[in-house]
Amino acid sequence: MSDEVPVGAFAIVPSNDLHAAIPFWERLGFALTGGNDAYAIMTGWGCEVHLTQAGSGPWRVPDQHNPFGVFIRTPEVDQIAARVDDLVIRPGGILRHREWGLYEVGIAGPDGLLVRIGWPSELIKL
């Protein structure tokens with residue numbers, strides 16, 4: 001870890017199989033930078049995502065309807081989307097400018113996790 005610790009808020013995402021979720025985040029361009037057998041800190045694109053092994057009970061990720069999602073804000077939207085084209089949610093999640101002012105893509109993550117990657121449309125260089 002660098003000497004400068006970033007300030008920010010980072011998602012903690014429960015995974016039914018933590019060890020199977022790590023390769024997904026690596027495909028997105030994140031690296032495992034900390035944690036233990038039940039908790040992983042993934043760092044990439046100027047941000048962090050923390051993964052935790054879901055247990056039984058209320059933190060178990062439901063089989064059909066995962067209520068969790070992560071938004072990654074980065075200007076590298078095109079580059080990340082190209083890395084995981086086979087995981088893009090189609091038709092609705094395709095890479096495009098959205099009516100809410102973001103250029104973004106929707107990705108299907110582990111356990112049905114919604115991962116959106118985007119950047120303000122007004123800042124995209126044409």
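Bear in mind that the values here come from a model prediction, so they are computed numbers and not experimental data.
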Does the side chain of Leu28 reach to within under 4.5 Å of the side chain of Met42, using non-hydrogen atoms? no

Looking at side-chain heavy atoms only, is the closest gap between Ile89 and Ile107 below 4.5 Å? no

Could you list who else is in Trp100's hydrophobic cluster, with ILVMFWY side chains joined at under 4.5 Å, directly or through other members? Phe71, Leu102

Nearest heavy atoms of Pro110 and Asn66, plus distance in Å: O-ND2, 4.1 Å

Residues forming a salt bridge (Lys or Arg N to Asp or Glu O under 4.0 Å) with Asp85, sequence neighbours excluded: Arg90

Any donor-acceptor pair under 3.5 Å linking the side chain of Gln53 with the backbone of Tyr39? no

Could you please spell out the steps behind the side-chain contact (heavy atoms from CB on, under 4.5 Å) verdict for Glu104 and Trp119? CA-CA 7 Å; Glu104 71 176 34; Trp119 192 246; over 6 Å; no

Does Trp45 reach the side chain of Ile117, with side-chain heavy atoms less than 4.5 Å apart? no

So, taking the atom named CG in Leu18 and the one named CG in Leu51, what distance separates them when rounded to the nearest 0.5 Å? 6.0 Å

Taking side chain as C-beta onward, heavy atoms only, is Cys47 less than 4.5 Å from Ile72? yes

Work out which heavy atom in His97 is nearest to a heavy atom in Ser121; give both atom names and the distance. ND1-OG, 2.7 Å

Rounded to the nearest 0.5 Å, the CH2 atom of Trp25 sits from the CD1 atom of Ile41 at a distance of 14.0 Å

Measuring from atom CD1 of Ile12 to atom CZ of Phe68, what distance do you get when rounded to the nearest 0.5 angstrom? 11.0 Å

Apply side-chain contact (heavy atoms from CB on, under 4.5 Å) to the pair Thr43 and Phe10, showing each step before the final yes or no. CA-CA 10 Å; Thr43 305; Phe10 307 107; over 6 Å; no

Contact summary for Asp111 and Asn16, nearest pair of heavy atoms: OD2-N, 2.8 Å

Tell me whether Val115 is reachable from Val84 by hopping between hydrophobic residues (I, L, V, M, F, W, Y) whose side-chain heavy atoms are closer than 4.5 Å. yes

Which value, rounded to the nearest 0.5 Å, describes the distance between Arg27 atom CZ and Leu87 atom CG? 4.5 Å

Sub-4.5 Å side-chain heavy-atom contact between Leu95 and Val88: no

Between the OG atom in Ser15 and the CG atom in Leu113, the distance rounded to the nearest 0.5 Å is 7.5 Å

Taking atom CG of Asp86 as the centre, report whether more than 12 heavy atoms of other residues, nucleotides or ligands fall under 6.0 Å from it. yes

